[in-house]
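See structure below.
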2 protein chains.
Amino acid sequence: MAIVAEEDKAPGGRRERILRSTIEVIRERGFAGTRVSDIAERAGTSQGLVLYHFGSLAQALSTSLTLLEDEFYTELDEELGQADGPIDRLWHMAELASGYGPAVGDWRLWLELWARAMHDEDARQARESLDRRWRAALLTVIVEGVTAGDFVVSDPARASLRLAALMDGLAIQLALEDPGMTRATFTDLWWEAAVLELQISDPKRDKPPRKRAKTRA
Amino acid sequence: MAIVAEEDKAPGGRRERILRSTIEVIRERGFAGTRVSDIAERAGTSQGLVLYHFGSLAQALSTSLTLLEDEFYTELDEELGQADGPIDRLWHMAELASGYGPAVGDWRLWLELWARAMHDEDARQARESLDRRWRAALLTVIVEGVTAGDFVVSDPARASLRLAALMDGLAIQLALEDPGMTRATFTDLWWEAAVLELQISDPKRDKPPRKRAKTRA
DNA sequence: CGTCAAACTGAATGACCATTCAGATGCCGT
DNA sequence: ACGGCATCTGAATGGTCATTCAGTTTGACG
């Protein structure tokens, strides 16, 4: 049988493949609904192997969170590296959050993580670290903008906290497919708030054009 | 034995007592961690009775959501009835959301509900209905304020959507006990945003004094 | 080739839990 | 007091998993 060809697609060997599958299953079925057999099936291996590599389901889950963090950080750095100037960078963050890339705007996973963080220590740490990083990035952009004269804010820390929170709140609607909330509305509402909060004024750069929209599987 | 005295505390009979216990257990252990035995123990009954009344664990969980909705609505109506004038009412909503009453600001439960809403139809409906109601209340207050001349907004619907989302976002930090987020910071940050968004100006009523702070069990 | 360890498999094993059930117990109308 | 119904109990029952394990395959290296 030629089922083997399947795994060539993902580099990094079986172990990493299992972790990726784990994340996918969590995204679809939630932490609570994730079985060892789901992971194994998705990864095209046996249940035994999952346990062989990670010792327990709990370990597999929490190890997959680490991979998630890596991807998040990578995506964030890469994407922000491309944008130039605070306004453009800020806009880029809005796009990322709206689901542009595979990791940052993966809000269904985020909701799962928040809920799990209340009862699981590893999840708690993962989400706190992720969140801190994201807010730090936002704060950095804001401070840059203030320095460059693009933004006017009295308290950048408060502003970034609020803008980050607004994203999370809007994201809930996005993740839960609330009628009336789309990626477009998301960026739209958020950007308007950002303009207000940061007193962005330059009209021609007020709202950068949307880049190519790549949808995720 | 005089264990019976215990249940006099809660009116409404065993059935309702079980529902209340269910909510408590969900709040503490999450949907995923809630066992029939937990509910029975908490309610001071047998597992059999829980199933006798609700047929299945799933039914017990989703029936308890209905009770939750009732309490939410009641609390909302009662509290908003007390406040007079849009600004006061708005402030009252902030207080409610910060955890003032037992139901509305019960964010740990909210996080659970959001996560469950992605995989369970009853939860989906409950949270949508709850959310709609809350946002409608907010919109009403805003429109009242605009009419009364207390607020100035171009698009009340957008404003209420954004202010509601901001609450949710801030609430996540509150529920997850993020360092630096307290009830006080919550209301503070939110009110500042509201002032900005609604152009609240009357300085002497800019920020009503905090009412008695009642903590929940 | 042959050896050895790591990677891997699939069939037990056993724990945990929702659900079922056979039978108490209380209660209400008569 | 008594039949009958709703309420209630605690001990089975059975299904669904995570985990274990005895053994097979693979691949690196002599």
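Worth knowing before you read on, the calculation uses all heavy atoms, side chains too, and leaves out hydrogens, waters and symmetry mates. Proteins get letters first, then strands, A, B, ... in listed order; numbering begins at 1 in each.
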Report the distance from atom CD of B/Gln59 to atom P of C/dA18, rounded to the nearest whole Å.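 Distance, rounded to whole Å: 15 Å.
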Between C/dC17 atom C1' and B/Leu61 atom CG, what is the distance in whole Å?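 Taking atom C1' of C/dC17 as the reference, CG of B/Leu61 is at 14 Å.
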Is any side-chain N of the basic residue among B/Arg133 and B/Asp77 closer than 4.0 Å to the acidic one's carboxylate O?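 B/Asp77 and B/Arg133: salt-bridged.
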Selection residues 40-81 of chain A - residue pairs positive for ring pair (Phe, Tyr, Trp, His ring centres under 6.0 Å), sequence neighbours left out: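 Residue pairs passing ring pair (Phe, Tyr, Trp, His ring centres under 6.0 Å), neighbours aside: A/Phe72-A/Trp110.
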Can you tell me if CZ on A/Arg124 sees more than 12 non-hydrogen neighbours from other groups inside 6.0 Å?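 Correct, the count exceeds 12.
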Which atom pairs link the protein and nucleotides 5-7 of chain D when you take only N or O atoms and keep those under 3.5 Å?
unit_1	atom_1	unit_2	atom_2	d
D/dT7	OP2	B/Tyr52	OH	2.9

Please give me the minimum heavy-atom distance between A/Leu65 and A/Ala126, naming the atom from each residue.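 Taking A/Leu65 first and A/Ala126 second, the nearest heavy atoms are CD1-CB, 4.1 Å.
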Can you tell me which residue among A/Met93, A/Met167, A/Arg183 is in a side chain to side chain contact (heavy atoms under 4.5 Å, CB included) with A/Ser98?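 Of A/Met93, A/Met167, A/Arg183, side chain to side chain contact (heavy atoms under 4.5 Å, CB included) with A/Ser98 is met by A/Arg183 alone.
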Could you tell me how the ring of A/Trp191 sits relative to the ring of A/Trp91: parallel (under 30°), tilted (30 to 60°) or perpendicular (over 60°)?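 Aromatic pair A/Trp191/A/Trp91 classed perpendicular.
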Report yes if the side chains of B/Arg35 and B/Glu41 come closer than 4.5 Å at any heavy-atom pair, otherwise no.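 A side-chain contact under 4.5 Å is absent here.
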For a 4.5 angstrom cut-off between non-hydrogen side-chain atoms, does A/Glu121 reach A/Ser62?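 A/Glu121 does not reach A/Ser62 side chain to side chain.
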How would you summarise protein contacts on nucleotides 14-21 of chain D per nucleotide, using B for base, S for sugar-phosphate only and - for none, with heavy-atom distances below 4.0 Å? ---SSBB-
